[in-house]
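Working notes for the structure below.
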There are 2 protein chains.
Amino acid sequence: MKRKASSPQRREESLSRERIIEASIELLDRSGEDGLTFRALAERLATGAGAIYWHVANKSDLLTAACDAMVTRRLKANATGATPSAAIRSIAGEMFDAIDEHPWLGSALIHCAGQMPMVRILEAIGQQVRALDVAGEAQWQVACALLNYILGVGGQNAAHTQFAKARDLDRTDFLNAMATMWSELDPDDYPFARSVAGQLSTHDDRADFLTGIDLILKGIDPSPTAVHSIP
Amino acid sequence: MKRKASSPQRREESLSRERIIEASIELLDRSGEDGLTFRALAERLATGAGAIYWHVANKSDLLTAACDAMVTRRLKANATGATPSAAIRSIAGEMFDAIDEHPWLGSALIHCAGQMPMVRILEAIGQQVRALDVAGEAQWQVACALLNYILGVGGQNAAHTQFAKARDLDRTDFLNAMATMWSELDPDDYPFARSVAGQLSTHDDRADFLTGIDLILKGIDPSPTAVHSIP
DNA sequence: ACCTGAACACCGTTCAAGT
DNA sequence: ACCTGAACACCGTTCAAGT
């Protein structure tokens, strides 16, 4: 009944938290949020379902750990820039790409509340916000606004992907369907949605996302001392 | 085995989509996201689980409908202001309060992708953004940025509540626990998180949320013609 | 047309029992 | 200390059968 040929059998390594997290990410990438199951995970790791609980508290803990591994990897890969603003754009863009490539990350991140994966992002952003010469009390608010915006976009992106997948549509078909729906709304009640429906199918997700980041950055009051450049 | 005394038996009305949605909201409010179950719903409505499927496509449809009812109600209650900016603040504040009072709304809204509940919010915001004299192509980006920010905050708020409830903590205990965790991070790796940890327990969620809205609004380039006031 | 409720194919989690 | 895997208490969804 069991097929073993399809997956490589690495028997050398014993079960460990790291191997479990790695296998979880592979499952999530291949089959989405619903693909991560203790049973599927156990089969992939050639072990019993209960064994996983020795290394991991529960499913929520497992998802948080998977997020953390992903975020750590991505922030290490790309979190610099010539100026603080450029660095923030770079961090945000990297998170956008990560969520775009791993849709489960978008919805899982939001559920991580004040835990490590989110602290890492906040820290990376916050350090750059500090470098922007933002007043002490405002640093928290600016960094939070950026983080909240990133999570909001990510969550919606993830929802789009899942919604499309459930209906066997690709991204373009989905956006077209959405544009059609919006353009059929009552003109008196939905003038804005209708007027903007046309932009839905042609717009560039990533560019629009970064425009939003710039909007927030532009809203910051630069203190007068921020003018001089740091070599 | 079954207790009927606790819930009022209204037999007059037959099953309808509206009654199902109303009962769903009551369940979600009382027991959170996990509280909405076709079995619990069936018992509450004194019917069979399968009967619900005659009026509702599936659970995702049901959640979207519950969101839509909630959003419609709240936007009707409060979506005006003396100026476009004030109206946007009012809409955003109303959504914040709605999510704060009904935490399930925060996480459910994000999964509604381009569907009606979100279109309603976008429309309400978009109409005000237009009134701000924002250039045509930028209207979409500004409205989207605001919406994304609202959803991001809402999703996290919902996660906070659920996280706290799962550990039998109230909001204050939870924030204190988070502040403690953050202040114990490595000072070299997490200077920013540590420095803002103190603000966590004293900050005003709603005020910080609205500050973020203002930040985005301030980032908008007002066109020169926007200066004159409309009486 | 609308409702019933047993049945199906799953879940996450636990826990006695093994090594 | 670590692993096994059956068992428990749930899910969403379907569908023959009823009215």
Side-chain angles (χ1 to χ4, degrees), chain A residues 1-2 4 9-24 27-28 30-67 104 107-108 111-112 162-163 165-168, chain B residues 1-2 4 9-24 27-28 30-67 104 107-108 111-112 162-163 165-168:
Chain A
M1 284 298 230
K2 284 188 191 175
K4 299 226 163 185
Q9 286 164 272
R10 5 173 196 168
R11 291 295 189 161
E12 321 308 288
E13 326 157 56
S14 67
L15 206 53
S16 69
R17 194 163 216 268
E18 287 69 39
R19 275 197 65 204
I20 291 172
I21 292 167
E22 221 43 52
S24 299
L27 277 174
L28 287 164
R30 194 197 310 148
S31 342
E33 297 185 55
D34 306 329
L36 181 59
T37 285
F38 277 84
R39 281 165 177 78
L41 199 51
E43 195 188 357
R44 206 177 197 306
L45 293 165
T47 181
I52 298 164
Y53 279 88
W54 187 263
H55 299 95
V56 145
N58 49 43
K59 189 165 185 181
S60 165
D61 178 35
L62 183 56
L63 268 170
T64 303
C67 282
W104 55 270
S107 46
H111 294 111
C112 290
Q162 203 178 14
F163 191 89
K165 208 184 66 178
R167 283 158 188 74
D168 270 318
Chain B
M1 284 298 228
K2 283 188 189 175
K4 299 227 162 183
Q9 286 165 272
R10 5 172 197 169
R11 291 293 189 166
E12 322 307 288
E13 327 157 56
S14 66
L15 205 54
S16 69
R17 194 165 218 267
E18 287 68 39
R19 277 196 65 205
I20 292 172
I21 292 167
E22 221 42 53
S24 298
L27 277 174
L28 287 163
R30 194 198 309 147
S31 342
E33 297 185 54
D34 306 329
L36 181 58
T37 284
F38 277 85
R39 279 165 179 79
L41 199 51
E43 195 188 356
R44 205 176 199 307
L45 294 166
T47 180
I52 298 164
Y53 279 88
W54 186 263
H55 299 94
V56 145
N58 49 43
K59 189 165 185 181
S60 165
D61 179 34
L62 183 56
L63 269 170
T64 303
C67 282
W104 55 270
S107 47
H111 294 111
C112 290
Q162 203 177 16
F163 191 89
K165 209 184 66 178
R167 282 158 190 74
D168 270 318

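Note that the structure is a prediction, hence the values are computed from the model and not measured. Below, all heavy atoms of this structure are taken into account, side chains as well, without hydrogens, waters or symmetry copies. The chains referred to below are lettered A, B, ... by the order of the sequence lines, with proteins before strands, and numbering in each begins at 1.
In this structure the side chain of B:Val56 never reaches within 4.5 angstrom of the side chain of B:Ile21, judged on heavy atoms. A:His111 has its side chain out of reach of A:Leu63: every pair of non-hydrogen atoms, C-beta onward, lies at least 4.5 Å apart.
Put simply, SG on A:Cys112 and CZ on B:Phe163 are 9.5 Å apart, with the number rounded to the nearest 0.5 Å. For the atom pair OG of B:Ser24 and CZ of B:Arg17, the computed distance is 10.0 Å after rounding to the nearest 0.5 Å. Once rounded to the nearest 0.5 Å, the distance linking CG of B:Leu36 with CZ of B:Arg30 reads 11.5 Å. Between A:Tyr53 atom OH and A:Lys59 atom NZ the span is 9.0 Å, to the nearest 0.5 Å.
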Under the rule of Watson-Crick or G-U wobble with both distances under 3.5 Å, where | means paired to another strand and [ ] a crossing pair, DNA chain D maps to ||.|||||...|||||.||
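Proximity of B:Trp54 to the phosphate of C:dC2: a side-chain N or O atom is located under 4.0 Å from OP1 or OP2.
Separating the P atom of D:dA17 from that of C:dC2 is a span of 22 Å, rounded to the nearest Å.
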Footprint string (nucleotides 10-15 of chain D, 5' to 3'): B base within contact, S backbone only, - free, heavy atoms under 4.0 Å | -BBBB-
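The shortest heavy-atom contact between B:Ser31 and B:Lys165 is O-NZ, 3.5 Å.
Under the 3.5 Å distance criterion, the side-chain polar atoms of B:Thr37 are left unmatched by any main-chain donor or acceptor of B:Ala40.
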